[in-house]
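Since we're looking at a predicted model, the values are computed, not measured. In the text below, chain A, chain B and the rest are named by the order of the sequence lines, each starting its count at 1.
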Amino acid sequence: MPDSFAAALIPWYRAHARDLPWRRGEYLERYGPWGVLVSEFMLQQTPVNRVIPHLEAWLTRWPDPLALAAASPAEVLQQWANLGYPRRALWLHGAAIAIRDEHGGRTPREVAALLALPGIGDYTARAVAVFAFGDRHPVVDTNTRRVIARAVHGVAQPAPPARRDLDDMLTLLPDDPADAAIVNAATMELGATVCTARTPDCARCPLSGLCAWRAVGFPESEDRRRRQAKYEGSDRQARGGVLRALRHADGHRLPAETVLPDWPDPAQRDRAIDSLIADGLLEASQGELMLPR
DNA sequence: TAGTCGTGGTC
DNA sequence: TGACCAAGACT
């Protein structure tokens, strides 16, 4: 299985991979491993097409870790704009500061060192080590887990994320690091464009000949996915609205009562503000709110 | 381990 | 139209 998996995916990837900014030679030459790290931060739980314009603007403003480390949290949150999960912006900023202070301004190559940076977990650490430095590690994201669930385990949906996923992927990697990097990228790419969550396009899949799920007739597996909580009226929506108002204030303070004045549940709005302050996403003084300095 | 954390596009 | 989904990490 490992050899045939790689043998099917590598030529497919060379022929069909999307032309994404962080895969272009000029991008890697200009921004180096830092460019890969920034792209992976933005791609956490955020679709490719929403990331691209933000990524280019971000790296134009802050092309390296030292530049970002010198910025203020308020500037960082403003530039992050509506990408979502704004804590990622603070973590990326913190990673830049740690790279400046603990790594001489150079993005570390070792997985353990990358894991020690804020906002970097199993996926992002290995993605940087593999795609920026060419080292051989298993890179496992949600697409990878779905492809392995189907092609290898013969089930429609992956089990909840577990450390075993890394071992599963490692089994599929060729010995050569460059080939292994392609297989990592190709597995993600296949999951993103062909072996998708809702409507897999098996007719165009390079793995159809060896797919365990296809071999057993595409059975539906028990749906153990967690239902996503409703966004409308949620605390998350309230937090998002508060931060949006502060971003639009363009660096100025706002009297607290002027932020989301028409929110249906004032107590929920106040809880949102408190939780944003607790998370370091907001500051309050003398009844006024502002982005953290 | 399970809950929480934004936002917008898709079907 | 509303539920699902998205290159996850942290607690």
Side-chain angles (χ1 to χ4, degrees), chain A residues 13 17-18 20-23 35-55 77 80-92 94-95 114-132 137-148 156-166 169 181 184-193 195-200 223-247 260 271-272 274-276 278-282:
Chain A
Y13 184 78
R18 292 167 293 176
L20 301 174
W22 45 90
R23 292 175 177 166
V36 174
L37 189 154
V38 174
S39 73
E40 296 296 350
F41 259 91
M42 290 190 175
L43 287 163
Q44 291 170 2
Q45 291 287 285
T46 304
V48 163
N49 288 333
R50 279 184 57 205
V51 163
I52 290 173
H54 288 282
L55 176 65
L77 288 169
W80 194 258
N82 63 338
L83 262 177
Y85 291 127
R87 284 188 291 194
R88 288 183 296 168
L90 295 186
W91 288 334
L92 176 55
L114 290 160
L115 283 171
L117 298 173
I120 294 191
D122 285 332
Y123 166 76
T124 305
R126 289 169 180 79
V128 172
V130 170
F131 302 135
H137 302 282
V139 181
V140 176
D141 76 335
T142 185
N143 294 304
T144 301
R145 292 191 301 103
R146 185 172 55 251
V147 169
I148 290 177
Q157 305 289 345
R163 291 207 64 85
R164 199 197 72 238
D165 301 335
L166 292 175
M169 189 61 197
N184 275 311
T187 306
M188 291 167 47
E189 184 76 358
L190 187 73
T193 62
C195 192
T196 55
R198 295 185 192 179
T199 55
D223 195 344
R224 41 166 88 90
R225 289 170 297 181
R226 266 180 307 159
R227 290 172 67 93
Q228 197 168 40
K230 195 164 98 173
Y231 186 63
E232 188 69 24
S234 66
D235 288 0
R236 301 165 81 168
Q237 187 187 32
R239 286 166 55 103
V242 170
L243 269 195
R244 181 189 305 272
L246 268 295
R247 288 198 308 269
L260 259 52
R271 281 201 313 276
D274 289 342
S275 71
L276 287 169
D279 289 343
L281 290 162
L282 202 59

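Residues that satisfy the salt bridge (charged side-chain N to carboxylate O under 4.0 Å, His left out) test with A:Asp235, not counting sequence neighbours, are A:Arg271. For A:Asn82, the side-chain hydrogen bond (donor to acceptor under 3.5 Å, both in side chains) partners are A:His54, not counting sequence neighbours. The salt bridge (charged side-chain N to carboxylate O under 4.0 Å, His left out) search around A:Arg146 returns none, not counting sequence neighbours. Every residue two or more places apart in sequence or in another chain was checked for a salt bridge (charged side-chain N to carboxylate O under 4.0 Å, His left out) with A:Arg227, and none qualifies. In this view, A:Ser275 and A:Arg239 satisfy the side-chain hydrogen bond (donor to acceptor under 3.5 Å, both in side chains) rule, not counting sequence neighbours. Considering only residues two or more places apart in sequence or on other chains, A:Arg145 meets the side-chain hydrogen bond (donor to acceptor under 3.5 Å, both in side chains) condition with none of them. Partners of A:Asp122 under the salt bridge (charged side-chain N to carboxylate O under 4.0 Å, His left out) rule, at least two apart in sequence or in another chain, are A:Arg126, A:Arg163.
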message: For a quick check, with a 4.0 angstrom heavy-atom cut-off, what is the B/S/- contact string for nucleotides 4-11 of chain C, read 5' to 3'?
response: BBBBBSS-
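Between the side chain of A:Arg247 and the main chain of A:Leu77, no donor-acceptor pair closer than 3.5 Å is present.
Distance noted for atom C1' between C:dA6 and B:dT1: 22 Å (whole Å).
On the nucleic acid side, DNA chain B contacts chain A at distances under 4.0 Å to non-hydrogen atoms, with the end points of that region at B:dG3 to B:dC11.
Among the heavy atoms of the strands lying under 4.0 Å from A:Pro86 are primed sugar atoms or P, OP1, OP2 only; no base atom is included.
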